Amino acid sequence: MILFEVFLGGLLLGGTYGLIALGLNLQYGVARILNLSYGEFFMGGAFTAFFTITLWKLNPLLGGFVSLPIAFAVNWLMYQVLMIPLIRRAPDQDVLDADVVLVTFGLFFVMQGLALVGWGGDLHGYSYLSTGVPVLGATVAANRLLAFLGACVLASALFLVLRRTRFGGALRAITIDPVAASLVGVDVRKYSALAFAAGGALAAASGMLVSTFISFTATIGVEYTLKALIVVIMAGVGRVTGTLAAGLVLGVVEAVGGYLLDPALTIAINFGLFMLVLLLRPTGLFTRA
Amino acid sequence: MDRRTFVKGSAAVVGATTLPQRVYAQAAAPDKLRFGYAITQSGPLAPGANSTTISAYQLWQKRVNDAGGITLKKYNKKVPIEFVSYDDQGKPDELLKLTERLIQQDKVDMVLSPYASHMNLASAPIINKAEYPVIMTTATTNKTYELGPRWPYAFWNIAQPRASSGALSKALADLKKQGKIKGRVATVHPTVEYGVENNEAFLAAAKTDGLEVVFSKSYALGAADLQPLIREAMATDPDAFIAFSYPPDTFMLTEQMQIVGFNPQVMYVAIGGVFPTYKGKFGNKVDGILVYGPADMSGPGMDEFAKAHQAMFNRPYEAGAVNVYSGLQVTQQAIETVGEIDRKKIRDAIASGTFSTVWGEIKYLNQINANPWAVGQWQNGELVCLFPADKAGAKPMLFPKPKWS
């Protein structure tokens with residue numbers, strides 16, 4: 001019975017891993033920008049939720065009405081103002097990657113510094129839906145379940161947009177080949193900017209959902225950038241459902257492995273799996289060969 | 001250069017740099033006292049360094065200077081404090097370089113301690129060699145018992161693992177003697193030095209005290225889900241659940257114990273349990289939880305301290321900051337007793353004196369605080385101190401811990 005509960009816990013955890021990585025995959029997969037300040041928007045979403053419940057005494061999820069549009073707008077501006085000049089001057093993707101890493105790394109420091117000045121270095125946390133929910137005889141945390149459902153909804157919505165809409169078709173075309181996409185009339189800059197902005201909003205959404213069950217500081221962003229990056233690399237760049245699936249695999253292996261072997265090994269198991277994937281399928285689990 | 005010439009050479013350098021200062025000091029009173037510290041201002045340890053240590057330094061400087069400064073009775077004069085500070089980036093090698101710099105280049109009058117156990121330990125040999133007395137305010141490790149006597153200039157302010165875990169074990173043994181619990185204990189800890197050492201110290205004490213440790217497991221620091229671990233501990237039906245935890249997992253364990261409805265009669269969490277944000281998150285559910293390293297909120301001088309802290313930083317103080325502040329008060333009182341900056345005499349004054357501080361009365365035995373607050377408890381939303389039980393201000397334990405409602 002405990003094993004089943006451990007498995008369920010791993011599934012929920014994996015869902016949040018997928019959720020955290022969704023936005024980064026959109027930014028990296030479609031817009032081809034490896035955004036190292038990604039986690040700062042996660043952190044921003046978490047803090048907005050925190051202030052929504054502690055200062056304004058409202059449901060923390062309502063904070064999303066503030067944090068998501070802000071994250072969307074800031075990321076859109078980041079792409080238009082900071083990334084476009086880099087893209088224009090870079091002779092190839094390798095040079096662009098190096099430039100982008102440096103610039104977004106700098107942005108990460110700026111945003112973290114601002115957050116530290118504004119909100120201090122203390123550990124923050126609030127209680128929301130911190131009750132047990134019975135699922136087939138096991139107990140799961142309601143807030144983790146909520147984050148998991150949020151992950152499923154957002155991943156499905158993203159999947160449908162990419163598969164069923166003209167806009168999504170354009171994004172997929174850019175993912176596969178931006179030059180060819182522009183040749184058939186796709187406005188690559190406009191769509192990439194929108195994808196990048198949407199990725200930032202997803203980061204804020206995941207921060208909001210995950211903040212219901214973690215405690216966090218103004219410096220937590222980079223940790224989640226790293227987590228997201230691992231999932232994205234495991235899934236394969238540009239794969240949406242793959243991102244969620246890779247997150248689930250990671251979560252379940254971590255939980256069940258930690259339970260069967262030793263709880264002190266969870267993080268080692270995580271990185272062990274990551275290394276295994278890099279060795280066996282360096283392009284990611286869910287890319288077509 | 002062979003060792004002898006190096007020793008001679010450095011002796012000459014030290015002589016040349018200290019001699020004129022001595023002459024000068026006798027001639028006139030200093031117009032300020034320069035305190036130097038290298039501390040973590042960036043990286044993962046920066047938030048803790050800020051809320052525990054740096055804010056206490058700044059508050060102390062402000063309050064002392066507002067009162068005119070530190071009294072140097074030799075000159076019959078109050079002298080204001082000036083800080084020289086550097087960022088060690090959380091790197092011990094950087095800390096060592098910067099501490100050398102404070103002493104050799106900046107020639108500060110006194111050095112204040114860095115942040116975190118390993119950093120305090122790393123700086124002890126240097127300050128000792130240069131004969132700068134320093135109260136190490138954030139070091140808790142069993143190594144202090146062995147290493148402490150080697151460094152007569154380093155003083156250790158907070159409860160060391162054997163003291164805090166010993167107090168905890170004794171409290172449980174007392175409950176067992178009174179027939180209130182069966183004495184079945186479950187312990188968990190993250191795989192970091194603090195957790196490992198405290199767990200070891202507790203297991204040793206529990207054995208002596210006749211407790212039965214029915215479960216003891218470690219987990220990875222930063223673990224994302226501790227519910228399986230809690231379930232396993234719960235299955236062993238313990239009366240007491242003891243977590244030598246770090247801040248993020250202190251919060252997570254407390255939340256997930258509520259989710260699975262785990263209600264041990266005694267519950268202890270370590271680092272982070274005294275944070276105002278811990279109470280902020282869990283509200284009155286913190287009542288009955290035992291915590292590490294408390295401060296007596298109603299102790300002498302605490303009202304003024306709390307108000308001044310709130311006014312300066314616009315947030316409530318953290319109990320750890322009270323300990324750091326007490327170290328500063330000890331330093332100040334020792335300087336005022338000596339009446340001048342004579343670091344040998346100041347060291348002796350710290351070693352032999354009894355000091356009244358916001359953290360209660362402090363006296364050092366072999367340079368280790370003889371009776372620091374080790375274990376506290378949340379009662380009616382307030383942090384109270386329980387152990388050592390013979391210390392002034394100690395309250396009786398609330399038992400059993402109320403169930404999560």
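These numbers come from a predicted model, not from an experiment. First the proteins, then the strands, lettered A, B, ... as listed; each starts at 1.
Side-chain contact between S218(B) and D262(A): present, with at least one pair of heavy atoms (C-beta onward) separated by less than 4.5 Å. Residues P263(A) and K217(B) meet the side-chain proximity criterion, which asks for heavy atoms closer than 4.5 Å.
Comparing N143(A), T54(A), V222(A) by how many heavy-atom pairs each has under 4.5 Å with chain B, the most go to N143(A). Between chain A and the residues T191(B), T250(B), L226(B), D225(B), the largest count of heavy-atom pairs under 4.5 Å involves D225(B).
Contact between R144(A) and A224(B) at its shortest, heavy atoms only, is NH2-O, 2.9 Å. Nearest heavy atoms, T212(A) versus E255(B): O-OE2, 3.9 Å. Considering every non-hydrogen atom in both A223(B) and I267(A), the closest pair reads N-CD1, 4.4 Å.
Going from atom OH of Y126(A) over to atom CZ of F251(B) covers 13.5 Å, rounded to the nearest 0.5 Å. Note that NE2 of H124(A) and CZ of F275(B) are 11.5 Å apart. Values are rounded to the nearest 0.5 Å. Going from atom CZ of F282(B) over to atom OG of S130(A) covers 7.5 Å, rounded to the nearest 0.5 Å. The line from CD1 of I2(A) to CD of Q227(B) is 10.0 Å long, rounded to the nearest 0.5 Å. The line from CG of L221(B) to OG1 of T266(A) is 10.0 Å long, rounded to the nearest 0.5 Å.
Although no hydrogens or angles enter the test, the distance criterion places a donor-acceptor pair under 3.5 Å between the side chain of T277(B) and the main chain of L123(A). Under the 3.5 Å distance criterion, the side-chain polar atoms of S127(A) are matched with a main-chain donor or acceptor of K281(B).
Within the 4.5 angstrom heavy-atom criterion, atoms from both the backbone and the side chain of F213(A) approach chain B. Proximity to chain B is absent for every atom of V133(A), based on heavy atoms less than 4.5 angstrom apart. Using a 4.5 Å cut-off between heavy atoms, E318(B) does not touch chain A at all. Looking at E254(A), the atoms closer than 4.5 Å to chain B (heavy atoms on both sides) all sit in the side chain, from C-beta outward. For T139(A), the parts lying under 4.5 angstrom from a heavy atom of chain B are both the backbone and the side chain. Contact of A255(A) with chain B is not made at all, since no heavy-atom distance falls under 4.5 Å.
Other residues, nucleotides and ligands contribute at most 12 non-hydrogen atoms within 6.0 Å of the NZ atom of K279(B). Atom CZ of F51(A) has more than 12 neighbouring heavy atoms from other residues, nucleotides or ligands inside a 6.0 Å radius. When the shell of 6.0 Å around CZ of F83(B) is examined, it contains more than 12 heavy atoms from other residues, nucleotides or ligands.
Just one of P276(B), P316(B), S51(B), P247(B) meets the side chain to side chain contact (heavy atoms under 4.5 Å, CB included) condition when paired with D122(A); it is S51(B).
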